[in-house]
Amino acid sequence: MINAPSIANCDLLNLGKQIEELIAGNIKFLHIDLMDGHYVPNLFLPTSIVKVIKLKYPNIIIDVHLMVDNPHNYINLLKEYGADYVSFHIDSTNFVIRFLRYIQEKEMKAGVVINPSQRIDIIEPFIHFLDYVVLMTVEPGFVGQRFMEGSLKRLDELNKLRKNTNTNFLISVDGGIDYPNSIESLKRGADILVTGIYTIFNQPDGLTSACLRFEKEMNRI
Ligand code: DX5
Ligand code: ZN
């Protein structure tokens with residue numbers, strides 16, 4: 001189980017301090033949402049956020065979730081700034097395979113993101129090129145939404161597709177992750193849980209303790 005807190009949930013006025021608290025909570029992976037106000041109706045963070053985090057914490061794995069039109073425009077900078085994983089929405093490019101390979105040629109892991117309104121088998125034509133798949137369990141663009149009904153069934157379908165095609169891409173679930181749906185997601189083959197306000201942030205015991213508590217609970221499964 002990889003716990004990947006989404007920094008979109010951080011208190012922006014205390015971002016540095018909160019990242020430190022996450023790391024003290026044994027976090028190895030950070031999920032960074034980048035929104036351009038076109039692909040999704042919201043704006044969030046410049047690419048340079050990757051640079052400042054990586055400079056200070058070189059061992060943290062940075063997983064960038066691009067919610068942007070023309071995602072190609074950002075790859076060179078993300079590489080230069082130290083991103084490790086980059087995912088993009090399938091409908092944000094006309095050439096999914098070429099783009100996956102482009103990211104991988106730059107020695108980053110490449111993934112696609114599936115929206116709740118998209119079929120799971122949309123990935124079949126390029127399934128062998130994937131390092132990971134991000135299954136959206138909310139509509140992208142905003143934090144704090146509730147995990148959508150039907151998402152676990154979709155996860156089953158994705159996991160089955162992975163087995164049937166003998167592929168080994170990682171599955172990340174993103175949106176509205178809480179304790180009960182985390183347990184169900186892990187049982188259904190999820191590898192990465194993108195955590196937010198229902199598990200890690202806004203918890204009474206604070207960020208560090210919430211991370212350790214979540215990890216302990218999930219490792220029981
Ligand atoms: C939604 C983002 C998610 C979000 C997850 O557009 O992709 O990564 O920040 O955090 P919660 O589950 O708190 O909304
Ligand atoms: Zn995300």
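Only this structure's heavy atoms are used, side chains among them; waters, hydrogens and symmetry mates stay out. Because the structure is predicted, anything quoted here is derived from the model rather than measured. Atoms within a ligand are numbered from 1 in the order they appear, just like the ligands themselves.
Contact check for Ile62 versus Lys54: side-chain heavy atoms found under the 4.5 Å cut-off. Proximity of Val138 to Phe147: side-chain heavy atoms (C-beta onward) are nowhere separated by under 4.5 Å. Using a 4.5 Å cut-off on side-chain heavy atoms (C-beta onward), Ile200 and Leu22 make contact. Within the 4.5 Å cutoff, side-chain heavy atoms of Ser172 are placed close to those of Val194. Looking at His72 and Thr93, their side chains come closer than 4.5 Å, going by heavy atoms from C-beta outward.
Of all heavy-atom pairs spanning Leu193 and Ser185, the tightest one is CD2-CB, 4.1 Å. The two residues Gln118 and Val113 make their nearest non-hydrogen contact at OE1-O, 4.0 Å.
By the 3.5 Å distance cut-off applied to N or O atoms, Gly176 is counted among the residues near ligand 1. In terms of N/O distances under 3.5 Å, ligand 1 is approached by Asn9. Considering backbone and side-chain atoms alike, His65 places an N or O below 3.5 Å from some N or O of ligand 1.
Under a 4.0 Å criterion applied to the non-hydrogen atoms of Pro140, ligand 1 contributes the atoms 6 (O). Distances below 4.0 Å separate heavy atoms of Val143 from the following atoms of ligand 1: 9 (O), 14 (O). Using a 4.0 Å cut-off to heavy atoms of Ile197, the atoms of ligand 1 that qualify are 13 (O). Close contacts of ligand 1 with Asp174, meaning ligand atoms under 4.0 Å from a residue heavy atom, involve 2 (C), 3 (C), 4 (C), 5 (C), 7 (O), 8 (O). Below 4.0 Å from some heavy atom of Met67 lie the following atoms of ligand 1, by number and element: 6 (O), 7 (O). For ligand 1, the atoms sitting less than 4.0 Å from at least one non-hydrogen atom of His31 are 8 (O), numbered in the order shown with element in parentheses. Heavy-atom contacts of Asp33 reach the following atoms of ligand 1: 2 (C), 3 (C), 4 (C), 7 (O), 8 (O), 9 (O) (cutoff under 4.0 Å). Taking a cut-off of under 4.0 Å to the non-hydrogen atoms of Met136, the atoms of ligand 1 that pass are 7 (O).
Shown are Leu161, Leu158, Val112; of these, the side chain to side chain contact (heavy atoms under 4.5 Å, CB included) with Phe169 is made only by Leu158. Of the residues Tyr85, Phe29, Phe88, the one that meets the ring pair (Phe, Tyr, Trp, His ring centres under 6.0 Å) test with Tyr132 is Tyr85.
Here the protein heavy atom with the shortest distance to atom 1 (C) of ligand 1 is Phe142 O, 3.6 Å. The closest protein non-hydrogen atom to atom 9 (O) of ligand 1 is Ser6 OG, 2.8 Å.
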**Request:** Decide yes or no on side chain to side chain contact (heavy atoms under 4.5 Å, CB included) for Ile49 and Ile7, but give the supporting numbers first.
**Result:** CA-CA 10 Å; Ile49 189 69; Ile7 66 160; 4.2 Å; yes
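A salt bridge is absent between Lys17 and Asp11: the closest approach of a Lys/Arg side-chain nitrogen to an acidic carboxylate oxygen does not fall below 4.0 angstrom. Asp191 and Arg162 are joined by a salt bridge, as a carboxylate oxygen and a charged side-chain nitrogen come within less than 4.0 angstrom of each other.
Around the Zn ion (ligand 2), protein N, O or S atoms at less than 2.8 Å comprise His31 NE2, Asp33 OD1, His65 ND1, Asp174 OD2.
Taking the six-membered ring where the residue is Trp, Tyr179 and Phe214 present perpendicular rings, their angle passing 60° and hence far from 30°.
Scanning Ala8, Gly141, Gly144 for the heavy atom closest to atom 11 (P) of ligand 1 points to Gly144.
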